[in-house]
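To start, the structure under review is shown below, and the notes come after it.
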Protein chains: 2
Amino acid sequence: MTTDGRLARMLHVLVHMGLLGGRETSERIALMLNTNPVVVRRTLGVLREHGIVESEGGRGGGWKLTRSLDQVTVLDVQRALTKGPALTAPVSRDHPTCPVERASNSVLEKAHAAAEAHLIAKYAVTTLAQIAKDAKHKASGTTQ
Amino acid sequence: MTTDGRLARMLHVLVHMGLLGGRETSERIALMLNTNPVVVRRTLGVLREHGIVESEGGRGGGWKLTRSLDQVTVLDVQRALTKGPALTAPVSRDHPTCPVERASNSVLEKAHAAAEAHLIAKYAVTTLAQIAKDAKHKASGTTQ
DNA sequence: GATAGCGTAACTATAATTGTTGCGGAAAGG
DNA sequence: CCTTTCCGCAACAATTATAGTTACGCTATC
Ligand code: FES
Ligand code: FES
């Protein structure tokens with residue numbers, strides 16, 4: 001597959017939307033994401049189902065955040081985009097009854113579960129407002 | 001893509017090889033992995049490049065571990081199979097100069113780097129001998 | 001009613017592992 | 001030698017999830 005860049009893209013665009021304040025059309029967002037409006041509608045549509053954004057059709061329509069940047073965490077966005085755990089252990093199912101395969105899978109699953117807990121914890125305490133703040137610092141401060 | 005099950009598969013088969021002690025042919029290993037010999041050669045070939053197994057052609061040939069199970073860690077196998085970090089942050093490259101995109105990517109990269117460190121640490125202290133031991137306990141003890 | 005939006009269906013493109021077939025070469029055994 | 005049993009490798013199809021694209025319908029505003 002192509003690498004799943006939806007989370008990164010959504011963070012990017014949500015922060016822009018928050019900073020701009022008003023409504024943004026799929027067309028303008030597509031330019032930000034270097035893609036086309038249909039992809040934007042598809043992905044933002046998932047966020048709408050989770051109450052993070054809302055859309056309005058017709059002239060003057062577009063997309064808008066339902067909460068301010070400091071009330072949306074990275075975890076909120078991640079959870080909306082991905083069902084199930086953020087990190088999945090790559091297990092094998094060649095011989096489900098084999099104790100060795102089960103023990104191997106178990107090791108991988110436990111290690112991934114622990115790693116995922118850390119990842120989720122970090123996502124949970126990072127708000128879009130903080131990303132916006134970082135962006136401003138980078139823009140005015142040292143490049144990179 | 002199809003989920004990358006190579007690490008799980010290699011752990012499984014390496015433990016079996018260690019427990020059986022002698023040489024195993026690609027044919028027999030393919031049966032363990034519910035696949036065919038070519039896939040086995042392809043994947044074990046990578047491990048051979050990293051000195052974990054060795055192969056011999058001709059009659060009576062096959063694959064053999066170069067070290068005992070307690071001298072191979074999950075990390076050794078993972079490193080052999082994957083170049084670069086075990087966990088990669090799914091970043092976007094739509095507008096590389098945009099500070100917001102950079103800040104978003106940066107958050108994801110840092111979170112993943114921290115999670116990867118934990119994952120790697122767990123891999124590093126887990127030997128194949130421990131997996132073998134777990135498997136024996138599961139086989140004789142309670143199912144699951 | 002013309003225009004600017006979103007919503008959605010139906011494709012195609014892309015990328016990485018997996019599965020498969022076929023052939024060549026090497027080692028052992030007779 | 002010649003057959004059998006191995007690995008090595010090239011080449012190609014299958015799979016699967018996201019991304020990209022085209023097309024059409026619907027709604028709200030002007
Ligand atoms: S996409 Fe234009 S600045 Fe982030
Ligand atoms: S594959 Fe036969 S027991 Fe693990």
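Every chain is numbered from 1 and lettered A, B, ... according to where its sequence line falls, protein lines coming before strand lines.
Mapped onto DNA chain D by nearest heavy atom, Gly61(B) and Asp94(B) fall at different nucleotides, with Gly61(B) at the one closer to the 5' end.
Contacts of His112(B) classified as ring pair (Phe, Tyr, Trp, His ring centres under 6.0 Å), with partners at least two apart in sequence or in another chain: none.
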_Determine whether Leu11(A) and Asn105(B) satisfy the following criterion, side chain to side chain contact (heavy atoms under 4.5 Å, CB included), listing intermediate values before the conclusion._
CA-CA 9 Å; Leu11(A) 295 181; Asn105(B) 285 342; over 6 Å; no

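Distance, Leu7(A) CG to dT18(D) P: 13 Å, rounded to whole Å. Computed from coordinates, the Arg59(B) CZ to dA27(C) P distance equals 15 Å when rounded to whole Å. Atoms CZ (Arg9(B)) and P (dT18(C)) sit 6 Å apart, rounded to a whole Å. The CD atom of Glu56(A) sits 10 Å away from the C1' atom of dC6(C) (whole-angstrom rounding). Atoms CD (Glu54(B)) and P (dG8(D)) sit 12 Å apart, rounded to a whole Å. If you take CE of Met10(A) and P of dT18(D), they are 13 Å apart, rounded to a whole angstrom. Between Trp63(B) atom CH2 and dG8(D) atom C1' there is a gap of 9 Å when expressed in whole angstrom units.
When side chains are defined from C-beta on, Glu101(A) counts as touching Asp94(A), because their heavy atoms get closer than 4.5 Å. In this structure, the side chains of Val72(B) and Val77(B) come closer than 4.5 Å at one or more pairs of heavy atoms.
The stretch residues 36-51 of chain A touches DNA chain C through Val38(A), Arg41(A), Arg42(A), Arg48(A), each having a heavy atom within less than 4.0 Å of the strand. Residues from residues 19-35 of chain A placing a heavy atom under 4.0 Å of any atom in DNA chain C, listed by number, are Thr25(A), Ser26(A).
Note that the CD1 atom of Ile131(A) and the NZ atom of Lys136(A) stand 13.0 Å from one another [nearest 0.5 Å].
Gly62(A) comes within contact range of the sugar-phosphate backbone alone, with a heavy-atom separation under 4.0 Å but no base atom that close.
Note on Val74(B) and Val46(B): same hydrophobic cluster, where clusters join Ile, Leu, Val, Met, Phe, Trp and Tyr whose side-chain heavy atoms are under 4.5 Å apart, directly or indirectly.
Between the side chains of Ser55(A) and Arg48(A), at least one donor N or O lies within less than 3.5 Å of an accepting N or O.
Salt-bridge check for Glu56(B) with Arg23(B): passed, with a basic side-chain N closer than 4.0 Å to an acidic carboxylate O.
Looking at Ser104(A), its side chain does come within 3.5 Å of a backbone N or O of Val100(A) through a donor-acceptor pair.
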